[in-house]
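Report on the following structure.
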Amino acid sequence: MPLNIVEKIIQSHLVSGQMTTGTPVGLKVDEVYTQDATGTMAWLQFEAIGIERVKVPVAVSYVDHNMVQSNYMNPDDHAFLQSAARRFGAYFSRPGNGICHQVNLERFAAPGKTALGTDSHTPTNGGAGMLAIGVGGLDAAVAMGGAPFELNMPMVTLIKLSGQLRRPYVTAMDVILEILRRLTVKGGVGRIFEYGGEGVSSLDVTERATITNMGAELGATTSIFPSDDRTLKFLKAQGREADWIKLKADEGAQYAETINIDLSAVEPMAARPHSPDNVAKVSELGGMTVSQVCIGGCTNSSYQSMRAVAAILKGRTVNERVNLLINPGSRQVYDMILRDGSLAALVAAGARVLEASCGPCIGMGGAPGSGQVSLRTYNRNFEGRSGTKDASVYLASPITCAVAAITGEFTDVLTSSIDIPALEETDKYPVCDNMIIPPSEDKGQIVKGPNIREVPVKPPLEDEINAEALIVCGDNITTDDIMPAGAKVLPFRSNIPAISDFVFSNIDGGFVKRAHEAKPKGGGIIIGGENYGQGSSREHAALAPMYLGVQAVIVKSFARIHRSNLINFGILPLTFEDGGIVGKLKVGDRLIIKGLKDALTSGQACTVENATAGFKFTCVSNLNDRERELILAGGLLPYTKAKTP
Ligand code: MIC
Ligand code: SF4
């Protein structure tokens, strides 16, 4: 039978199940990587499982998110991660080496292999033909212990590219924004996007990586490109041609759906506040004043992008009303723009160059001023994520951003008089891995600062939930809404009791108090709409509510990673049989679900009684066998510990 690329990789890694859409498949994992903000939990969980050394061929611990070091907490986390990498046999990418996805693409991504990363943008590696999936920390920890990774076999959608980009004005970022415009932030749920068509060969690996990176915003399980001569060129330039294999779909391969994109018709696009799918043409926004421009992050930090930005800014001055911040994605890129004079051009133009880390993308500094418009090359513009609640954050290509930094306003680069240089991908990257500490036989000691606390564990599921509705939310609630990030909160990622104080704090200041009051009275339930938990992989958005006594989340539909995280921490994910019920539920309603164990083991539908308002409704759990066992056990940690000798 002819296979598509996704099926080829899944088939060659299949440990259990069959490739039938919607049914569970277990996959052998070739690489697992963590980043600091999710990694401390992942490594604490790995330690709690009690396995001596990582059992995957490659494990890498990156430090990139939380680098502000405003007190001892960040550096303590970094020291813990370094000591855990040494103790358990992982590579350690030191702070300053760059953002996990960009560095992984450069140094570890390999076509035909599988990777899990504790970050939703792990699919970046799909630009090099790797099947790379974002997961919560506990899933990563269990996979590092040698267990296969289980997921429900997604649908494979072909995105067929034709034509050629109108270079240098239109970029890969505009392509993924156009796809987001068409499909929305829910359009990828339950799907893997496989790119094909004759337009693929015109895109460099780093351009492909921009597209697969931001495929996360579609809610997709992952996105992947074929591995071809461009992939070989990239790996060769990284000194890694030995990692190359050719990877293409068989003639006659089947797809669940096909979406056609004509690259020649794509225009410069921008996502408007406060969602990456709220996309318009830049020409429609022309003239709007911009106060801040941020260029870099994991979406648009390749050497070509940075060099193009520098070439546009060379000999000019950043507009007096604009603050231009640059965060290169990796030390390799930094090194290259330093050597070729681009950095000098940026600094001379007035850019404020930051270290190679996530920075303003996750609200770690670089917040815009009150009510300001910030234009960024990043992938998310959720309300408040920048650190300024009333800022208007737009997302666009590095070219659009660089031009706006000069003009001080949204400018359509197709018609602007500013010269945009055309640049080719380089043939040789300066490879220097001195900031990546390889696994060592000397295990050393694990170092834990005072802010690093044990991972809380939920007791096994009881037969009845009798709890209070703590919040009733609308559609597309993000994990940033549930568990904000930013400079104030991120330092508590290793301390669940402390970080729990911030649950829903950006959208409902009373949530934590209500949860504390409800905890001794049976705990709480969260009510939501469609695509609940979209966005990041942070398991803190499940772990902290669990710590606050949340027993169940009842919504119209879930985002994939968040649903898995809820199950991993023993919180029951339920969906309404009739979504209209959401409108009838109120904060404070007492909700009772009886006979849970039977309901979960048999038909899976359960009846919820609203004892306050006096009506009943039906919910479905849709748990597969393994998920049911996890929920009954109180989550993945107690389940795995019970199975580990
Ligand atoms: C993000 O972009 O939202 C993050 C911060 O990288 C998260 C991970 C985290 O919350 O630590 C993600 O994308 O998974
Ligand atoms: Fe870091 Fe932003 Fe990329 Fe998340 S999206 S990994 S915060 S640069």
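Start at 1 and go down the list; that is how both ligands and their atoms are numbered. Note that these values count all heavy atoms, side chains included, but never hydrogens, waters or copies made by symmetry.
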Are Phe88 and Phe46 an aromatic pair, judged by ring center distance below 6.0 Å?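 Yes, they do, as the ring centres are separated by less than 6.0 Å.
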Got a donor-acceptor contact below 3.5 angstrom from the Thr114 side chain to the Asp30 backbone?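 The answer is yes, because a donor-acceptor pair under 3.5 Å joins these two groups.
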Taking C-beta and beyond as the side chain, do Asp475 and Asn531 meet within less than 4.5 Å on heavy atoms?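 Side chain of Asp475 against side chain of Asn531, heavy atoms only: no contact under 4.5 Å found.
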Answer yes or no: is there a side-chain heavy-atom contact under 4.5 Å between Gln238 and Val431?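 When only atoms from C-beta onward are counted, Val431 and Gln238 do touch, with a gap below 4.5 Å.
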With Tyr195, which residues qualify under ring-ring contact (aromatic ring centres under 6.0 Å, His included), at least two apart?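 Per chain and number, Tyr195 pairs via ring-ring contact (aromatic ring centres under 6.0 Å, His included) with Phe225.
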Qualifying residues under ring-ring contact (aromatic ring centres under 6.0 Å, His included), relative to Phe492, sequence neighbours excluded: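 Phe492: no ring-ring contact (aromatic ring centres under 6.0 Å, His included) contacts found.
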Are Glu47 and Arg87 close enough for a salt bridge, meaning some N to O gap below 4.0 Å?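 So Glu47 does not pair with Arg87 through a salt bridge.
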Do NZ/NE/NH1/NH2 and the carboxylate oxygens of Arg493 and Asp77 come within less than 4.0 Å?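 Here Arg493 does not pair with Asp77 in a salt bridge, since their nearest N and O are not under 4.0 Å apart.
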Taking 2.8 Å as the limit, list every protein N, O or S atom around atom 1 (Fe) of ligand 2, by chain and residue number.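 Those protein N, O or S atoms (cut-off: under 2.8 Å from atom 1 (Fe) of ligand 2) are Cys358 SG.
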Taking atom 5 (S) of ligand 2 as the point of reference, which of Asn300, Asn379, Asn66 owns the nearest heavy atom?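 When every heavy atom of Asn300, Asn379, Asn66 is considered, Asn379 comes closest to atom 5 (S) of ligand 2.
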Would you kindly specify which portion of Arg385 sits under 4.0 Å from ligand 2, judged on non-hydrogen atoms: side chain, backbone, both or neither?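 Answer for Arg385: side chain.
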Test log, rule side-chain hydrogen bond (donor to acceptor under 3.5 Å, both in side chains), inputs Asn213 and Thr299: CA-CA 6 Å; Asn213 171 288; Thr299 315; 3.1 Å; yes
Residues in contact with ligand 1, criterion: heavy atom under 4.0 Å: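 Only Gln35, Ala37, Thr38, His65, Asp119, Ser120, His121, Ile362, Arg380, Arg385, Arg493, Ser536, Ser537, Arg538 have heavy atoms that fall under 4.0 Å of ligand 1, ordered by chain and number.
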Do you see a donor-acceptor pair shorter than 3.5 Å between the side chains of Asp36 and Asn66?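 The answer is no; no qualifying pair exists.
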